[in-house]
Amino acid sequence: MAGLPKAELHVHLKGTVEPADMFAFAARNDVRLPWASQRALVAAYDYTGLDAFLTLYWQGCQALCTRADFYDLTLAYLRRAAQNGIVRAEMFFSPQNFLPRGIALADQLGGIGEAIKDADAEWGIRGEVIIVAQRHRSESEALDLLSLLRPHRDRLLGVGLGGPEIGNPPGKFARFFSAARQQGYRLTAHAGEEGPASYVREALDVCRVERIDHGYTATAEPDLVRRFADDGIALTMCPLSNLRLRIVDDLAAYPLPMLLDAGVLVTLNSDDPPYFGGYLNANYEAVGRSLALTREALAQIARNGFTGSFAPAGDIAAGVAAVDAYLEGPQDS
Ligand code: HPA
Ligand code: ZN
């Protein structure tokens, strides 16, 4: 199903940096990384949980400094995304990693925006940006970020929430989400990755987000599963990430069949591909194999990617139609 047209809804741009590129960025910016070699970095891709991953991931961000870095990073991801059959990518980006180092927001978003334009021209892939507030920081910092984003509002799709989940419930950002909604941003939040199902309820009830990033722990609660299905709330699930972060032990028990049966808009995504061992097709392959999913189940997940996206209705319909057309075309397997 590698060539199946897909949308990716949960991928962190700075989490797409390949080891070789990270070392190249560090060298050209004269930044010293904490790993002696690419091999040492890859050996460190072994985490006890979300916090351990985030520590390493934020160290890697130190290599990114200039507008050219953000351009190259984004173009490299979109190239790989296109190779994975992705035609629409809604990419997370958190300026809060870079603002304290004096890297101008205009350079961050300018580099990303330029790459989005070039990737569309080159490979016909549509890239969009969702700004992520970091949940371990204060809500007032998130509100300051929203003000800083004002001049760039036109080129941004939505806002989300990421970072260390436990102890930082979504309700901490109620005013942030309310202000973002008033400015027309689409809303999403990481919830139910390591945190309890109650955080997912809070994201829906208090922050009024339109979809849930991960949502894994909520899948054990039948009332929430029914609500996702009834209200068309998509879950952006990331199996290889969940495996590496020890959210799950074995993908053979991953709740995809149950969610599909319940009519939930469950989607597959890569989160931070090099850090978790695979891009989007590797995530499809891993669950397809572990759960013996049918071709139709995988196709439904791909349709859900478009239906659960923040694209205009016409683009959603075109994405779903492209999945159907692909299935009717010459078989690749
Ligand atoms: N969870 C929370 N924050 C993140 C993640 C994640 O999986 N990846 C990058 N930032
Ligand atoms: Zn994530």
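Remember, it's 1-based here, ligands and their atoms both numbered in the order they're listed. Treat the numbers as computed from the prediction; the structure is a model and nothing was measured.
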* To do: May I ask you to say whether Glu194 pairs ionically with Arg246, meaning some side-chain N is under 4.0 Å from a carboxylate O?
  => no

* To do: Answer yes or no for Lys14 and Phe70: cation-pi contact, defined as NZ/CZ to six-membered ring centre under 6.0 Å and angle to ring axis within 45°.
  => no

* Asked: Is there a side-chain contact between Thr267 and Phe306, using heavy atoms and a 4.5 Å cut-off?
  -> no

* **Remaining members of hydrophobic cluster (4.5 Å side-chain criterion), Val132** => Phe92, Ile130, Leu157, Phe310

* **Member of Thr236, Thr188, Asn269 meeting the side chain to side chain donor-acceptor pair (under 3.5 Å) criterion with His10** => Thr236

* Asked: Can you list the protein N, O or S atoms less than 2.8 Å from the Zn ion (ligand 2)?
  -> His10 NE2, His12 NE2, His190 NE2, Asp271 OD1

* Asked: Does the side chain of Gln300 come under 3.5 Å of the side chain of Arg303 through a donor N or O and an acceptor N or O?
  -> yes

* **Residues which pass ring pair (Phe, Tyr, Trp, His ring centres under 6.0 Å) with Tyr275, listed by chain and number, not counting sequence neighbours** => Tyr45, Phe53, Tyr57

Please tabulate protein-ligand N/O pairs under 3.5 Å for ligand 1, atom names and distances to 0.1 Å.
from: ligand 1; atom 1: 1 (N); to: Glu193; atom 2: OE1; distance (Å): 2.7
from: ligand 1; atom 1: 3 (N); to: Gly163; atom 2: N; distance (Å): 2.9
from: ligand 1; atom 1: 7 (O); to: Glu193; atom 2: OE1; distance (Å): 3.4
from: ligand 1; atom 1: 7 (O); to: Glu193; atom 2: OE2; distance (Å): 2.8
from: ligand 1; atom 1: 7 (O); to: His214; atom 2: NE2; distance (Å): 3.3
from: ligand 1; atom 1: 7 (O); to: Asp271; atom 2: OD2; distance (Å): 2.9
from: ligand 1; atom 1: 8 (N); to: His12; atom 2: NE2; distance (Å): 3.3
from: ligand 1; atom 1: 8 (N); to: Asp272; atom 2: OD2; distance (Å): 2.8

* **Residues Arg137, Asp144: salt bridge by 4.0 Å N-O rule** => no

* Going through the distances and angles, do Trp58 and His136 end up as a ring-ring contact (aromatic ring centres under 6.0 Å, His included)? -> CA-CA 13 Å; Trp58 289 333; His136 61 294; 4.9 Å; yes

